[in-house]
2 protein chains.
Amino acid sequence: MKPVTVYDIAREANVSVATVSRVLNNTAPVKASTRERIMNLIQKHQFQPNALARSLIKKETGMIGIILPDITNPFFPEVLAGLEQEARSNGYTFFLCDTGSSNQDHNVQYQRESEYLNILMEKQVDGIIMIGGRIDLAKCSREMVKEVAEVNKRLPVVLINGNLPGAKFHRVIVDEISGAKRATEHLIGLGHKDIAFIGGYKQMSNTVQRLEGFCLAMEQAGMPVREDWIITGGFSVDAGKAFLNALLAMGGPRPTAIVCANDLSAIGAIKAAVKSGLRVPDDLSVIGFDDIPLAANVIPELTTMSLKCLELGRTAASILHLLISRGEDTNELTTLQPELVVRESTAPPRARG
Amino acid sequence: MKPVTVYDIAREANVSVATVSRVLNNTAPVKASTRERIMNLIQKHQFQPNALARSLIKKETGMIGIILPDITNPFFPEVLAGLEQEARSNGYTFFLCDTGSSNQDHNVQYQRESEYLNILMEKQVDGIIMIGGRIDLAKCSREMVKEVAEVNKRLPVVLINGNLPGAKFHRVIVDEISGAKRATEHLIGLGHKDIAFIGGYKQMSNTVQRLEGFCLAMEQAGMPVREDWIITGGFSVDAGKAFLNALLAMGGPRPTAIVCANDLSAIGAIKAAVKSGLRVPDDLSVIGFDDIPLAANVIPELTTMSLKCLELGRTAASILHLLISRGEDTNELTTLQPELVVRESTAPPRARG
DNA sequence: GCAATTTATGAAACCGGTTACTGTTTACGA
DNA sequence: TCGTAAACAGTAACCGGTTTCATAAATTGC
């Protein structure tokens, strides 16, 4: 069964395709009786205009591409939900491009991102949003910046939490430094003096910045930063476990509190601590970063810095919409402040025995 | 700057567009020197063929649509990852359609699903995968089945965990009944006699089936099912908390074990139990359903039935690919068995005081 | 009542590719 | 050397819409 086209409708209604198009788009006056006749035929045949054909000539597809490194990381669905909320009201639909970075090396990821950038351009998306992944690498090669810049010359690109150095992109970012600083100050305010930092990758900008915030808070409080109490190398629960165990294995006085680069590693740290007989928060305070949905649901509930992912997504979508629809030049940089969410995993240190 | 087209390349290479197309698609022999000349121009101008134009005539887009109710529910990203893995190798890209059902009433969700179905068809996707949502409602109206059936006449549709009654669709489902039965048997095998069931929505087929499996196991073990120990009305953590509190508020002997309709409500139940001074699993065993990523990471680690979401996704994607590429008729129904994952939240009951 | 608009519609070009059809060369076997 | 098949390339139709331009009919103003 051939799909029905404007021509079929036009023929049966004894009008030209132009007229059919006009009633479809309300783009010019059409006699009421004609309009009704056409509408009825559309209804009768369940006619649906072919979006490809329409987009081909209108040069807009209503599609936006989203490139992210790992959809199973709970941070991304949250951002996605924000994007969706905002973009739906503007009539966009999403291409989801998951580069599946979680268990790949960086080169594979880069290649996937390049691939997806090309595919998205071929599909004529109206704009692209990139979250995490390569754009989160503090030290990413010049070719990559150049490649994204090249794309950005053809269509709007918005980076979320992105940090492609040496190039101008529209970005909406979280103030990681200030966030980590406030997280650390929360612990200091509780009376902790021996604070460690674990999690993340030193090559990634979010880690670098969170670490910077941590150090900043410590310095301002006049407290020394112990280099061996800074352990990075992963964002996962297992990484968190390993880091905490490493911390305990050092011997000597252990930290009474830990700032984690993200919630997942915080959860891992808590698990490892509990396994080792420490109680959280009584013996060890742990603060996370991200506020993923389950942070509120682990035991003990995790104190963390909320990234307000929904807002991150919504903001990015609305900026992209502005760029697409009016080519309008909005602020190049939008900064969102993370928010301290105090739950159960942090408390004043117990007096040492 | 106008995008470059095959015509531009053809003109500059002194050939016809047909020849350019031939080197692009390797669809007919082209003289080596000509080919090279064209390739160089493509390279030089960064030419990317317009996928819309191509799809318009080829009648295939390489796009598949995914309709799901709530991307922030961790079950769906997991399935999505499976879909992506499989589909990427076949060159498909995804439209993500989140109906955002979590905080909407059913009617809104239905409407959104209809909308998305239409949009996807207009965009000429090659196929559609529907997960959860309306298709999970045991009692869904005739119009809805009809609507999806109508879509299915035009392009392949695969349902994941779907149960549109009275119509033939390709489906890949999890054997919920047998899964819940085995979960319950696990508890019975540990020596539990007083077992409750909480979570889910009675209108949804997965809940109905999980409950059925629960009752089946109890009956076969010759144990009575207490109606007032079956509490439904939600899948969330908060729902789980509320259900457990309701259970405790009943007075009289409390259950020593609980089968939960999903992991989230299981986590809620554990939280509420711990708040009430019960220890898990010592005082109360809890088993979940789904095996979301964080099930392994809460404290205590959650014993649950793994849905093998990745496999679910991969299977659906490969079936859809078969349907698209060869119109081949695969099995209409593929059933996957959930797998018992024993962790820390279940143990033999303690002797009653 | 007639010129000037406005309304209503059709013909045809266009978007950017693919491909069926056709024609010209070249290669190869006898 | 000739005939035939394969290699190579171009012309034009096509996919299914939108939109410009032109034209005819209906309104409006004076």
Side-chain angles (χ1 to χ4, degrees), chain A residues 1-39 41-42 45-63 118-119 121-126 154-155, chain B residues 1-39 41-42 45-63 118-119 121-126 154-155:
Chain A
M1 185 179 55
K2 292 268 174 301
V4 10
T5 72
V6 278
Y7 289 92
D8 302 323
I9 302 290
R11 189 174 338 108
E12 194 165 340
N14 271 317
V15 295
S16 74
V17 290
T19 305
V20 177
S21 177
R22 284 191 265 259
V23 339
L24 280 175
N25 302 296
N26 255 315
T27 175
V30 172
K31 187 158 61 162
S33 65
T34 312
R35 152 170 277 117
E36 200 186 353
R37 187 153 36 98
I38 292 174
M39 297 278 258
L41 287 172
I42 288 175
H45 290 109
Q46 308 245 53
F47 167 70
Q48 287 173 311
N50 184 321
L52 297 177
R54 166 178 289 165
S55 296
L56 185 55
I57 187 126
K58 301 250 286 198
K59 292 177 183 322
E60 63 177 54
T61 55
M63 311 188 300
N118 280 326
I119 291 178
M121 294 186 64
E122 291 187 357
K123 303 256 187 213
Q124 312 295 121
V125 294
D126 290 340
R154 302 182 187 225
L155 49 84
Chain B
M1 184 179 58
K2 293 269 176 300
V4 12
T5 72
V6 277
Y7 289 92
D8 302 323
I9 302 290
R11 189 175 337 108
E12 194 165 341
N14 273 316
V15 295
S16 73
V17 289
T19 304
V20 176
S21 177
R22 283 192 266 259
V23 338
L24 279 176
N25 302 298
N26 255 314
T27 174
V30 172
K31 189 157 58 159
S33 65
T34 313
R35 151 171 280 116
E36 201 186 350
R37 188 153 33 100
I38 293 174
M39 297 276 258
L41 287 171
I42 288 175
H45 290 110
Q46 308 245 54
F47 167 71
Q48 287 173 312
N50 183 321
L52 297 176
R54 166 179 289 166
S55 296
L56 186 55
I57 187 123
K58 301 250 287 198
K59 291 176 184 320
E60 63 178 53
T61 54
M63 310 188 299
N118 280 325
I119 291 177
M121 295 187 63
E122 290 186 359
K123 303 255 188 215
Q124 312 297 120
V125 294
D126 291 339
R154 301 181 186 224
L155 50 83

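Order of the sequence lines sets the chain letters (A, B, ...), proteins ahead of strands, with each chain counted from 1. Heavy atoms only: backbone and side chains are in, while hydrogens, waters and symmetry mates are out.
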Counting side-chain heavy atoms from C-beta on, which of [options] comes nearest to [X]?
| X | options | value |
| --- | --- | --- |
| B:Asn25 | C:dG10, C:dT18, C:dA8 | C:dT18 |
| B:Lys58 | C:dT18, C:dT7, D:dG10 | C:dT18 |
| B:Lys31 | C:dT19, D:dA9, C:dG10 | D:dA9 |
| B:Ala53 | D:dG16, D:dA9, C:dG17 | C:dG17 |
| A:Val30 | C:dT9, D:dG17, C:dG17 | C:dT9 |

At under 4.0 Å, does any side-chain N or O of [X] touch on OP1 or OP2 of [N]?
| X | N | result |
| --- | --- | --- |
| B:Lys59 | D:dG16 | yes |
| B:Thr19 | D:dG10 | yes |
| B:Ser16 | D:dG10 | yes |
| A:Asn50 | D:dC15 | no |

Which part of the nucleic acid, if any, lies within contact of [X], taking any heavy atom under 4.0 Å across all strands shown: a base, the sugar-phosphate backbone alone, or nothing?
| X | value |
| --- | --- |
| B:Thr34 | sugar-phosphate |
| B:Asp8 | nothing |
| A:Val20 | nothing |
| B:Ser21 | base |

Which heavy atom of [X] sits nearest a heavy atom of [Y], and at what distance?
| X | Y | value |
| --- | --- | --- |
| B:Ile42 | B:Leu24 | CD1-CD2, 3.8 Å |
| B:Leu52 | A:Lys123 | CD2-O, 4.1 Å |
| B:Ile38 | B:Ala13 | CG1-CB, 4.1 Å |
| A:Gln124 | A:Thr61 | O-OG1, 2.8 Å |

Report the distance from atom CZ of B:Arg54 to atom P of C:dC15, rounded to the nearest whole Å.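 That distance rounds to 19 Å.
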If you pin B:Leu56 and B:Ala18 to their nearest nucleotides in DNA chain C, which one's is more 5'?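 It is B:Leu56 whose nearest nucleotide is closer to the 5' end.
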Taking for each residue the nucleotide of DNA chain D with the nearest heavy atom, is it B:Ile57 or B:Arg22 whose nucleotide lies nearer the 5' end?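 Its nearest nucleotide being more 5', the pick is B:Arg22.
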Is there side-chain contact between A:Asn26 and A:Arg35, with at least one heavy-atom pair below 4.5 Å?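 A:Asn26 vs A:Arg35: side chains touch.
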